[in-house]
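This report refers to the structure that appears directly beneath it.
All values derive from a computational prediction rather than experimental measurement. Lettering of chains follows the sequences in order, A, B, ..., and the numbering in each one begins at 1.
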There are 2 protein chains.
Amino acid sequence: MLTKKSQYAFKALGYLADKQQDGPVLISEISKKKRIPLKFLENILLELRKAGILESKKGKGGGYFFKKDPADVKMATVIRLIDGPISMLPCVSLYFYERCKNCDEKHCGLHDVMRQVRDVTLEVLESRTLADLKD
Amino acid sequence: MLTKKSQYAFKALGYLADKQQDGPVLISEISKKKRIPLKFLENILLELRKAGILESKKGKGGGYFFKKDPADVKMATVIRLIDGPISMLPCVSLYFYERCKNCDEKHCGLHDVMRQVRDVTLEVLESRTLADLKD
DNA sequence: TTATAAACCTACTAATCGAGTAGACTAATA
DNA sequence: TATTAGTCTACTCGATTAGTAGGTTTATAA
């Protein structure tokens, strides 16, 4: 399951993608429209900015807006950033790999199945982008 | 990510599938061979028995063994039993569905993507069975 | 140049979950 | 009837999740 945090992230990013032509959007506006706790949202947007996905402006007329083109940000990227691994096992993860103890990856049935799950999952999550969140 | 618990469950089930012809297998044997904490394993096997996947026998000569044919138990079933939902969102879950608040499932981009992820994931996890864990 | 608007940042908290442990009980066999 | 082996309830303890509090910094505009 995705955490609330990444679900909020997607909602906020979807909203910002819609408003992309309107200039900076206030955190408080996103919070209200998408019903996301304000202070929690602050943290989330900050992370997305530090990751180079969003940009922000302080002071009057400030707010958040896209730094990258939404169409260039894969869903997988956001999940990895906010929640971490997408795979079901550390030993099949591409970005968060950890060797599994007491199990030979060469002939481990579980490993094979979970690698397959990872592959089909990533086929979806790396082909879909934040532009797909627009309505 | 799968929990340790379901990873242990798969290891234990794989071991039991291998030993299927040898009659009841001791919890302590599985615990040693697969390096799973004994008492934790007890709980796991109990759950699998209550779910009708395994059967057990008490007293001397007792132990655990398969009730169902391993080839008839889908990986998806075990994950749902031990860890719960497989989907990334409650609103796309088949077995643990929950309506999502403030989001119309009819035209929610996130919903669509996550339903697609669920579909490809289940294609794998419902076609592979515990027999695939044998080596 | 100062008031105000807005994002930034650190730290805290409460509740839940994950991973495992303790110990007494029950049933089957020899 | 002693021993073997699974059953069951409850407990612990650390990590993670889902926030909240409150002061700081920076940009704009009167």
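- Not one N or O on the side chain of B:S31 forms a donor-acceptor pair closer than 3.5 Å with the backbone of B:I27.
- Between the CZ atom of B:F40 and the C1' atom of D:dC8 there is a distance of 16 Å, rounded to whole Å.
- Straight-line distance from the CG atom of B:L2 to the P atom of C:dA19: 10 Å, rounded to whole Å.
- Between C:dA6 and A:S56, no contact under 4.0 Å exists linking OP1 or OP2 to a side-chain N or O.
- Between the NZ atom of A:K4 and the P atom of C:dA15 there is a distance of 18 Å, given to the nearest Å.
- Contact check on B:K32 versus B:E29 returns no salt bridge, with no Lys/Arg side-chain nitrogen under 4.0 Å from an Asp/Glu carboxylate oxygen.
- A:L26 places its CG atom 11 Å from the P atom of C:dA5, with the value rounded to the nearest Å.
- Cluster membership for A:M75 and A:L94, using ILVMFWY side-chain heavy atoms within less than 4.5 angstrom, is shared.
- In terms of modelled atom types and a separation under 3.5 Å, the side chain of B:R118 and the main chain of B:V92 share a donor-acceptor contact.
- Here B:K50 does not pair with B:E47 in a salt bridge; the nearest charged N to carboxylate O distance is not below 4.0 Å.
- Taking every heavy atom of residues 43-54 of chain B and every atom of DNA chain C, pairs under 4.0 Å involve B:N43, by number.
- Summarising the geometry of B:S6 relative to B:D83, their closest heavy-atom pair is OG-OD2, 2.7 Å, with the distance given to 0.1 Å.
- Between B:L38 atom CG and C:dA19 atom P the separation is 18 Å, expressed in whole Å.
- Around OH of A:Y95, the count of heavy atoms belonging to other residues, nucleotides or ligands within 6.0 Å does not exceed 12.
- An OP1 or OP2 oxygen of C:dG20 is reached within less than 4.0 angstrom by a side-chain nitrogen or oxygen of B:Y8.
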What string of B, S and - do you get for nucleotides 22-30 of chain D, 5' to 3', if B is base contact, S is sugar-phosphate-only contact and - is no contact with any protein heavy atom under 4.0 Å? B--BBBS--
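- Of the side-chain N and O atoms in A:Y64, none sit less than 4.0 angstrom from OP1 or OP2 of C:dA6.
- Taking every heavy atom of both residues into account, A:A9 and A:V78 meet most closely at CB-CG1, 4.5 Å.
- As a whole-Å value, the separation of B:F65 CZ from D:dA5 P is 15 Å.
- Regarding B:K5, its NZ atom lies at a distance of 14 Å from the C1' atom of C:dT21, rounded to whole Å.
- With A:Y8 as reference, A:I44 is the one residue of A:L45, A:I44, A:I30 to meet the side-chain contact (heavy atoms from CB on, under 4.5 Å) rule.
- Between the side chain of A:D112 and the backbone N or O of A:G109, no donor-acceptor pair lies under 3.5 Å.
- Contacts between residues 77-85 of chain A and DNA chain D, defined by a heavy-atom separation below 4.0 Å, involve no residue at all.
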